Amino acid sequence: MESNGLIYLITHRDNLNEAFKRVKRNKGAAGVDAKDIEATRQYLKEEGRTIIALIQTGKYKPSPVKRVEIPKGDGGKRKLGIPTVTDRVIQQAVVQILTPIFEQTFSEYSYGFRPNRSAHQAIEKARAYIDEGYHYVVDIDLEKFFDRVQHDKLMSLVANVIKDKVTLKLIRNFLQAGVMENGIVSVNREGTPQGGPLSPLLSNIMLTELDRELEKRGHKFVRYADDCNIYVKSLKAGERVKQGITDFIEKKLKLKVNEEKSAVGKPIARTFLGVSFYRNRKQTRVYVPKKSKAKFEAKLKRLTNRSWSISMEYRIHKLNQLVQGWFNYFKIGDIKKYALKIDSHIRRRLRACRWKEWKKPSTKYRELKKLGIKPNDAWRCANTRKGYWRMSNNPIIDQALNNQYWENQRLKSITNLIS
DNA sequence: TTATCGTAGAC
RNA sequence: AUUGUCUACGAUAA
């Protein structure tokens with residue numbers, strides 16, 4: 001491909017449309033220009049051609065990102081950098097073109113932020129390593145990885161693969177867009193914004209360097225984003241590997257290892273992607289640690305809480321989804337027994353709810369009719385005991401509830417608009 | 001094939 | 001109250 005072809009692929013109509021659709025689907029908030037997705041659609045209709053021309057000549061300057069802090073699970077805060085909707089679309093367009101190119105250069109042991117790869121596969125790989133006799137794990141965690149990426153180092157890695165100067169310039173401009181905090185724009189010499197569609201790809205480009213080094217040294221490892229686990233046969237080997245890799249990361253990649261979160265130990269003592277491992281006589285198995293279970297049970301409580309002001313049917317619908325989603329994620333683990341326990345637990349709670357709300361079929365009948373269910377169906381449903389708390393719903397009712405839900409959402413957005 | 005919803009992991 | 005991105009999976013509707 002000739003060296004200037006790439007930017008035209010990126011700014012191609014179809015690619016940009018595809019990118020816009022993706023950004024819209026995520027329903028994200030506005031950036032510093034306060035333009036939401038609808039407003040941006042208008043804006044792009046009018047200014048699109050100019051912007052494309054600016055991009056193609058390497059003169060496009062992205063807006064700074066909006067600083068938002070969200071609480072993390074462990075009490076800390078996560079600093080997000082939210083680009084303008086326009087910039088998210090452009091970044092998305094870049095990602096769509098660059099991903100297939102860089103995919104070919106990535107390591108087979110890297111699982112985070114990549115198409116057709118999931119946390120499950122990473123967990124399964126780790127489990128296999130332990131099964132093979134690597135009974136110790138070196139867990140390496142990078143400190144504020146996204147905030148510390150060195151621009152020059154990163155750009156040189158990108159330039160190894162991408163030869164198009166204009167595209168390189170565009171990426172660099174995104175890295176240097178700056179941050180808007182309390183109305184003041186500050187420049188950033190390092191880091192890539194958490195919240196930009198481009199950031200995950202850049203993180204993988206950066207850390208592929210680490211993958212290559214680990215492969216070169218012949219280590220058994222799995223990497224998910226900045227969470228890197230190396231499996232070894234003894235504690236002593238683990239300590240040695242940890243030291244060696246820490247040196248490599250800090251000297252060659254110019255990144256910092258988080259000493260507090262990194263450690264060498266038995267897999268059972270550590271959690272990886274929300275699960276832990278233990279060995280029985282024959283094999284290594286995956287289990288769900290208490291912390292994840294507690295999180296799930298908290299959600300369960302919230303949904304079965306009597307003070308929730310939503311209809312019973314809808315509540316069941318939600319519960320069904322919760323259980324299904326959760327079970328699905330942890331089906332790789334040894335949680336069958338736990339799932340069964342949960343199931344009976346839910347049924348018990350739902351039965352308790354039922355008596356409070358719909359003791360009489362006639363009440364339920366009225367309720368169902370209000371949802372727009374045909375009298376015949378409503379009557380049948382109101383009179384079947386099972387229908388009250390069954391985990392999978394009657395499709396007719398499901399549909400009606402769905403409609404009601406959307407009607408509620410619509411009303412809510414209107415009232416938000418007025419007040 | 002395209003939308004809507006949900007769960008989980010990561011930053 | 002405010003709240004971004006990536007990925008995988010599941011359910012539903014045309």
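Letters A, B, ... are given to chains in the order of the sequence lines, protein chains preceding strands, and every chain is numbered from 1. Every value quoted in this text rests on a predicted model; they were computed, and no experiment measured them.
- Side-chain N/O atoms of R22(A) include one lying less than 4.0 angstrom from OP1 or OP2 on U7(C).
- With rounding to whole Å, K24(A) atom NZ is found 14 Å from dT2(B) atom P.
- Contacts of P115(A) with the nucleic acid, taken as non-hydrogen atoms under 4.0 Å apart, involve only primed sugar atoms and P, OP1 or OP2.
- The shortest side-chain heavy-atom distance between I123(A) and V222(A) does not fall under the 4.5 Å cut-off.
- Atom pair F20(A):CZ and dT2(B):C1' shows a separation of 17 Å (rounding to whole Å applied).
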Give me, pair by pair, the N or O atoms of the protein and of nucleotides 1-3 of chain C that are less than 3.5 Å apart, along with how far apart they are.
none

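- Between D211(A) and Y109(A) the shortest side-chain heavy-atom distance does not fall below 4.5 Å.
- Across all non-hydrogen atoms, the minimal contact from M206(A) to L157(A) is CA-CD1, 4.0 Å.
- For R25(A), a side-chain nitrogen or oxygen approaches OP1 or OP2 of dA3(B) to under 4.0 Å.
- If you measure from atom CZ of R127(A) to atom P of dG9(B), you get 20 Å, rounded to the nearest angstrom.
- One finds a side-chain N or O of R88(A) lying less than 4.0 angstrom from the OP1 or OP2 phosphate oxygen of U5(C).
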With both pairing distances under 3.5 angstrom for Watson-Crick or G-U wobble, and | for a partner in another strand, the correct string for RNA chain C is ...|||||||||||
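- For Q121(A), no side-chain nitrogen or oxygen approaches OP1 or OP2 of U7(C) to under 4.0 Å.
- Among the protein residues, G112(A) comes within range of no part of the nucleic acid, since none of its heavy atoms lies under 4.0 Å from any strand.
- Atoms CG (D226(A)) and P (dG9(B)) sit 16 Å apart, rounded to a whole Å.
- Residue K21(A) is in sugar-phosphate contact alone, with no base atom involved, counting any heavy-atom pair closer than 4.0 Å across all strands shown.
- Between A8(C), dC11(B), dA10(B), one nucleotide has an atom nearer to the side chain of L273(A) than all others, and that is dA10(B).
- Side-chain atoms of L6(A) and L98(A), non-hydrogen and from C-beta on, do get closer than 4.5 Å to each other.
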For residues 128-137 of chain A, dump all side-chain donor-acceptor pairs below 3.5 Å to protein atoms at least two apart in sequence or in another chain.
{"residue": "Y129(A)", "atom": "OH", "partner": "F221(A)", "partner atom": "O", "Å": "3.3"}
{"residue": "D131(A)", "atom": "OD1", "partner": "T284(A)", "partner atom": "N", "Å": "3.0"}
{"residue": "D131(A)", "atom": "OD1", "partner": "T284(A)", "partner atom": "OG1", "Å": "2.9"}
{"residue": "D131(A)", "atom": "OD2", "partner": "R127(A)", "partner atom": "NH1", "Å": "3.1"}
{"residue": "H135(A)", "atom": "NE2", "partner": "I130(A)", "partner atom": "O", "Å": "3.4"}

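- Under the salt bridge (Lys or Arg N to Asp or Glu O under 4.0 Å) criterion, E103(A) pairs with R114(A), sequence neighbours left out.
- Within the structure, the salt bridge (charged side-chain N to carboxylate O under 4.0 Å, His left out) test picks out the following pairs touching residues 143-153 of chain A (sequence neighbours left out): E143(A)-R148(A), D152(A)-R172(A).
- At a threshold of 4.5 Å between non-hydrogen side-chain atoms, the residues L44(A) and L16(A) do not count as touching.
- The phosphate of dC5(B) has OP1 or OP2 within less than 4.0 Å of a side-chain N or O from K27(A).
- Checking the phosphate oxygens (OP1, OP2) of U7(C), no side-chain nitrogen or oxygen of N116(A) falls inside 4.0 Å.
- Taking each heavy atom of H151(A) and L175(A) in turn, the nearest pair found is CE1-O, 3.3 Å.
- Taking D139(A) as the reference, R270(A) meet the side-chain hydrogen bond (donor to acceptor under 3.5 Å, both in side chains) condition, with sequence neighbours excluded.
- When every heavy atom of L210(A) is checked against every heavy atom of C228(A), the shortest pair comes out as CD2-SG, 4.4 Å.
- With rounding to whole Å, Y224(A) atom OH is found 14 Å from dA8(B) atom P.
- N26(A) has a side-chain polar atom (N or O) that falls below the 4.0 Å cut-off from OP1 or OP2 of U5(C).
- For the pair D139(A) CG and dA10(B) P, the computed distance is 11 Å after rounding to whole Å.
- Summarising the geometry, the separation between CD on Q91(A) and P on dC11(B) is reported as 20 Å, rounded to the nearest angstrom.
- A close approach under 4.0 Å does not occur between any side-chain nitrogen or oxygen of N204(A) and OP1 or OP2 of U7(C).
- Across the P atoms, U2(C) and dG6(B) are found 16 Å apart, a figure rounded to whole Å.
- In this structure, M180(A) atom CE and G4(C) atom P are separated by 18 Å, rounded to whole Å.
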